[in-house]
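As structure tokens, the structure follows; a few thoughts come after it.
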Amino acid sequence: AQECQNLEVERQRKLERIKQKQSQLQELILQQIAFKNLVQRNRQQEQQTSRPPPSNSVIHLPFIIVNTSKKTVIDCSISNDKFEYLFNFDNTFEIHDDIEVLKRMGMACGLESGKCSPEDLKIARSLIPKALEPYLTEMAHGSINNVYVP
Amino acid sequence: KEVLDQLQHLKAQIEELEMKEKDLDQQKIWLQQSIKNVSDDPTNSRFAYVTHDDICNCFSGDTLLAILAPSGTQLEVPVPELGQNGQKKYQVNLRSHSGPIQVLLMNRE
Amino acid sequence: GGLSPRDKIFYYFSSSPSKRLREINSMIKTGETP
């Protein structure tokens with residue numbers, strides 16, 4: 001009976017670890033889809049316009065974004081060599097990475113929120129290895145919260 | 001007998017979970033490598049950009065700072081503290097050891 | 001990276017997970033470290 005209890009504890013621990021790793025895998029799937037979608041979009045747009053966009057109108061990945069209210073006063077100190085920056089804000093701010101921006105742009109086909117149309121799912125399928133497609137189908141209906149065995 | 005059966009059942013479940021965990025580890029490594037290959041590919045990295053409009057549309061009305069920094073650059077955010085004027089101070093400190101940091105100020109205007 | 005005795009959160013470009021930024025945002029909003 002004691003051994004049973006110990007095994008049950010071990011089982012729960014493994015379940016938690018697996019859920020965490022599954023969540024990490026989902027995030028990686030979203031990253032791959034978002035990145036490839038972005039590249040495809042930009043490639044198509046450049047083909048249509050027959051030229052790249054002006055270099056001062058784009059930001060290359062990777063980057064992070066700090067966003068704050070437009071009323072916020074930002075004080076910035078920069079070292080001469082630009083190796084160090086110090087920002088002081090008089091109001092709250094948020095920080096987001098480029099993948100978050102891509103998700104907000106819709107580059108992850110709505111998979112991050114489980115709202116993925118059949119057309120978007122088809123596009124997403126073409127952007128990841130076949131072995132991971134079962135995860136994609138589950139993610140299209142909402143994040144996988146329990147341990148999922150394809 | 002019930003306890004013995006439960007024991008067997010748990011052992012079998014744990015074995016299955018171990019295999020599942022191994023599969024997940026393998027898939028993660030595989031996908032991380034795939035992402036690295038895709039993003040390092042010169043034909044893809046040429047198109048790996050977003051426009052200012054793309055970013056502004058995601059954060060409507062806000063003031064935005066886009067930060068491009070070498071890999072390994074440290075971003076440090078201390079817990080907000082009350083300043084001498086009674087207002088909270090919010091800070092971001094960036095430190096690079098391998099190259100200059102670029103910061104772009106953006107807003108809709 | 002992580003919390004230092006002076007209650008800071010560190011994020012390292014191209015290395016730290018997105019989760020770290022979410023922790024920072026939560027700390028800024030609530031004033032509490034995770």
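Quick caveat, the model's predicted, so the values are computed rather than measured. Proteins come first, then strands; the chains are lettered A, B, ... in the order of their sequence lines, and each starts at number 1.
- Counted within 6.0 Å of NZ on A:K14, heavy atoms from surrounding residues, nucleotides or ligands total more than 12; the atom is thus considered enclosed.
- For A:P62, the part lying near chain B is the backbone, with the side chain staying farther off; criterion is any non-hydrogen pair under 4.5 Å.
- For a residue to count as touching a neighbouring chain, one of its non-hydrogen atoms must lie under 4.5 Å from one of that chain's; by this rule A:I128 does not touch chain B.
- Heavy-atom distances place both the backbone and the side chain of A:N88 under 4.5 Å from chain B.
- Note that the CG atom of A:L25 and the CD atom of B:Q26 stand 11.5 Å from one another [nearest 0.5 Å].
- A salt bridge does not link B:E18 with A:R17: none of the charged nitrogens is closer than 4.0 Å to a carboxylate oxygen.
- Here the shortest heavy-atom pairing between B:P100 and A:D81 reads CB-O, 3.8 Å.
- Taking every heavy atom of both residues into account, B:F47 and A:N42 meet most closely at O-ND2, 2.7 Å.
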Worked check of side chain to side chain contact (heavy atoms under 4.5 Å, CB included) between A:F63 and B:I55: CA-CA 11 Å; A:F63 60 82; B:I55 298 179; 4.3 Å; yes
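- Contact check on A:E3 versus B:K11 returns a salt bridge, with a Lys/Arg side-chain nitrogen under 4.0 Å from an Asp/Glu carboxylate oxygen.
- Heavy-atom distances place the backbone of A:N56, and not its side chain, under 4.5 Å from chain B.
- In this structure, the portion of B:H97 lying under 4.5 Å from any heavy atom of chain A is its backbone and not its side chain.
- Both the backbone and the side chain of B:T43 come within less than 4.5 Å of a heavy atom in chain A.
- Rounding to the nearest 0.5 angstrom, the gap separating the CZ atom in A:R11 from the CG atom in B:L17 is 7.0 Å.
- Between chain B and the residues A:E84, A:M107, A:H96, the most heavy-atom pairs under 4.5 angstrom are made by A:E84.
- Under the 3.5 Å distance criterion, the side-chain polar atoms of A:Y85 are left unmatched by any main-chain donor or acceptor of B:N93.
- Of the charged side-chain nitrogens involved, none lies within less than 4.0 Å of a carboxylate oxygen, so that B:D62 and A:K70 do not count as a salt-bridged pair.
- Between the OH atom in B:Y49 and the OG atom in A:S57 there is a gap of 8.0 Å [rounded to 0.5 Å].
- Between B:I14 and A:E10, the closest side-chain pair of non-hydrogen atoms falls below 4.5 Å.
- For chain A, the nearby part of B:D25 is the side chain; its heavy atoms alone come within less than 4.5 Å.
- In this structure, chain A has heavy atoms under 4.5 Å from both the backbone and the side chain of B:Q6.
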Derivation of the side chain to side chain contact (heavy atoms under 4.5 Å, CB included) call for A:N67 and B:T63: CA-CA 6 Å; A:N67 68 296; B:T63 291; over 6 Å; no
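- The most heavy-atom pairs under 4.5 Å with chain B, out of A:I29, A:V39, A:I95, come from A:V39.
- To the nearest 0.5 angstrom, A:I78 atom CD1 is 10.5 Å from B:L94 atom CG.
- For A:K36, the part sitting under 4.5 Å from any heavy atom of chain B is the side chain, from C-beta outward, and nothing else.
- A distance of 11.0 Å separates CD1 in B:I29 from CG in A:L28, rounded to the nearest 0.5 Å.
- Both the backbone and the side chain of A:T92 come within contact range of chain B, judged by heavy atoms closer than 4.5 Å.
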B:M106 and A:I59: CA distance, side-chain angles, deciding distance, side chain to side chain contact (heavy atoms under 4.5 Å, CB included) verdict: CA-CA 11 Å; B:M106 291 190 297; A:I59 293 171; 3.8 Å; yes
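- Annotation for A:Q12: atom CD counts as buried by contact number, over 12 foreign heavy atoms lying within 6.0 Å.
- The two residues A:F83 and B:I101 have their closest heavy-atom pair at O-CD1, 3.5 Å.
- A side-chain N or O of B:S34 and one of A:Q32 form a donor-acceptor pair less than 3.5 Å apart.
- Here CG of B:L65 is found 9.5 Å from CD1 of A:I64. Values are rounded to the nearest 0.5 Å.
- Between B:D54 and A:R41 there is a salt bridge, since at least one side-chain N of the basic residue sits less than 4.0 Å from a carboxylate O of the acidic one.
- When each of A:M105, A:Q45, A:R43, A:E94 is scored by its heavy-atom pairs under 4.5 Å with chain B, the top score falls to A:R43.
- Taking a 6.0 Å sphere around NZ of B:K28, one finds it holds more than 12 heavy atoms contributed by other residues, nucleotides or ligands.
- Across every non-hydrogen atom of A:Y135 and B:Q27, the tightest pair is OH-OE1, 3.3 Å.
- Top candidate by heavy-atom pairs under 4.5 Å with chain A, chosen from B:S39, B:P80, B:A69, is B:S39.
- When every heavy atom of B:Q87 is checked against every heavy atom of A:D90, the shortest pair comes out as NE2-O, 3.9 Å.
- Contacts between A:L102 and chain B at a heavy-atom distance below 4.5 Å involve the side chain alone, from C-beta outward.
- Looking at A:T72, neither its backbone nor its side chain comes within 4.5 Å of chain B, counting heavy atoms on both sides.
- For B:L75, the part sitting under 4.5 Å from any heavy atom of chain A is the side chain, from C-beta outward, and nothing else.
- Counting heavy-atom pairs closer than 4.5 Å to chain B, the top-ranked of the candidates A:S69, A:P52, A:S79 is A:S69.
- Interface residue A:E46: only side-chain heavy atoms are found under 4.5 Å from chain B.
- Residue B:V103 touches chain A through both its backbone and its side chain, counting heavy-atom pairs closer than 4.5 Å.
- Nearest heavy atom pair, residue A:R104 against residue B:C58, reads NH1-O, 3.4 Å.
- Ranked by non-hydrogen atom pairs under 4.5 Å with chain B, the options A:D98, A:V101, A:N91 are led by A:N91.
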